[in-house]
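In listed order, ligands and their atoms are each counted from 1.
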Amino acid sequence: MKRMKPWGLLVTVGMSALIACTIKPGLDTRAALEKAKAQLETSLTAYTDLTQFPRGAKADGSYRGTKSSEWTSGFYPATLWYMYEYTQDKKWADAARRWTAGMEKEQFNTHTHDLGFMLYCPFGNGYRLTNDPAYKEVMLQGARSLSTRFNPKTGCIKSWDHGKWQFPVIIDNMMNLELLFWATRVSGDSSFYKVAVTHANTTSKNHFRSDNSSYHVVDYDTLTGKVIQRVTHQGFANESAWARGQAWGLYGYTVAYRETKDKRYLDQAVKIASFYLKHPNLPADKVPYWDFNATGIPKEERDASAAAITASGLLELSTYVKDGKPYVTAAEQMLTSLGSPAYLAKPGENNHFILLHSVGHKPAKSEIDVPLVYADYYYIEGLLRYQRLKDNAQKK
Ligand code: GLY
């Protein structure tokens with residue numbers, strides 16, 4: 001298979017002399033990736049129904065797979081692509097291809113904002129690593145489908161069709177913009193880019209509190225474009241800081257800066273990072289409680305998925321600021337914690353997922369203290385990004 005230069009999902013990190021002085025060989029990424037690989041090996045034989053995408057575990061601890069239309073379904077194939085990137089072993093590319101094919105029909109799905117997760121993670125990584133033109137077409141169609149959810153009056157992409165809201169927009173939605181930025185770059189059609197920056201600007205204006213934490217859901221009036229209410233769905237309370245939401249915002253605005261070089265997005269990402277890293281409720285191991293303001297802390301559950309997303313996002317963010325060292329150090333601590341026995345599953349256990357202890361949706365009593373496939377995906381991405389920074393530093 002033809003290999004392309006890394007960009008996009010792993011972009012990050014091809015850069016600069018700055019990086020050289022921010023990273024020291026600390027975290028043993030190869031050892032961590034070998035452990036992840038061993039666990040993923042067990043999943044290859046355990047999960048063979050290509051219509052049931054590994055997602056995590058149910059409340060009783062049993063395995064949970066999902067159909068392709070769920071927002072999490074692209075992460076397993078995307079993780080297999082990362083494993084191919086790491087090993088260069090065709091076995092992983094073959095598996096990734098098999099699972100990625102099952103996501104193809106979602107390119108026509110206009111009922112969710114999650115097409116960035118669902119398509120850009122598997123097909124984006126597959127395209128980056130193989131240059132397969134069919135993958136490009138799937139993503140372009142996906143970008144068209146996602147754009148149908150944009151409303152010029154609200155200045156946003158609608159997140160959900162379900163629920164009690166008129167036009168709900170969730171902070172997570174920032175993660176789906178990468179697909180649109182990519183689509184403009186590849187097609188030359190600037191309409192995707194315009195949708196993405198308008199959404200990012202509106203979210204910047206309406207989703208954030210004065211302490212730089214974000215609301216989960218902002219509901220808009222489609223006639224006036226005004227905010228109706230700011231609430232939560234998966235967080236502890238309307239005014240609380242749901243940990244994964246902060247992680248999505250940090251990562252999403254970092255990508256928005258990469259793609260636009262608009263300094264306002266960089267400032268937004270830096271402000272979120274500051275809120276997150278300086279929060280008095282962030283534990284010493286830097287794996288957050290599922291909500292920074294959950295009143296049961298320190299007895300509340302941790303969310304490994306938020307830590308993994310944040311670690312990966314911080315590593316990219318570190319390459320855009322003058323002194324990225326504190327971000328690299330924090331990410332290193334997060335990845336080290338996640339790779340320790342406290343969060344890393346024993347081989348063959350944990351329904352074949354890599355990480356323990358994530359929280360999907362506690363208020364709905366769903367996915368509490370379970371493995372989640374996206375925690376694994378961003379953990380591996382973070383390790384690969386860290387490895388690349390380390391390699392670049394050693395070349396200097
Ligand atoms: N995007 C949904 C979640 O983070 O749970």
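- Considering only residues two or more places apart in sequence or on other chains, Asn201 meets the side chain to side chain donor-acceptor pair (under 3.5 Å) condition with Tyr265.
- In terms of polar-atom proximity, defined here as any N/O pair under 3.5 Å, Trp71 makes no such contact with ligand 1.
- Judged by the shortest distance from any of its heavy atoms, Trp160 lies outside the 4.0 Å radius around the atoms of ligand 1.
- Judged by the 6.0 Å and 45° rule, Lys158 forms no cation-pi pair with Tyr220.
- Annotation: Trp248 places an N or O atom under 3.5 Å from an N or O atom of ligand 1; distance criterion only.
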Step-by-step side chain to side chain donor-acceptor pair (under 3.5 Å) determination, Ser204 to Gln268: CA-CA 8 Å; Ser204 213; Gln268 188 77 66; 2.5 Å; yes
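- Looking at His361 against ligand 1, nothing comes within 4.0 Å, counting heavy atoms.
- Proximity to Gln234 (heavy-atom distance under 4.0 Å) selects the following atoms of ligand 1: 3 (C), 5 (O).
- For a threshold of 3.5 Å applied to N or O pairs, the pair formed by Asp114 and ligand 1 contains no separation below that value.
- We find that Arg30 and Glu34 are not joined by a salt bridge, their nearest charged nitrogen and carboxylate oxygen being 4.0 Å or further apart.
- Of the protein's non-hydrogen atoms, Asp172 OD2, 3.1 Å is the one closest to atom 2 (C) of ligand 1.
- At a threshold of 4.0 Å, the pair Asp262-Arg264 counts as salt-bridged, since one of the basic side-chain nitrogens sits closer than that to a carboxylate oxygen.
- Side-chain N/O atoms of Thr79 and Asp376 include no donor and acceptor closer than 3.5 Å.
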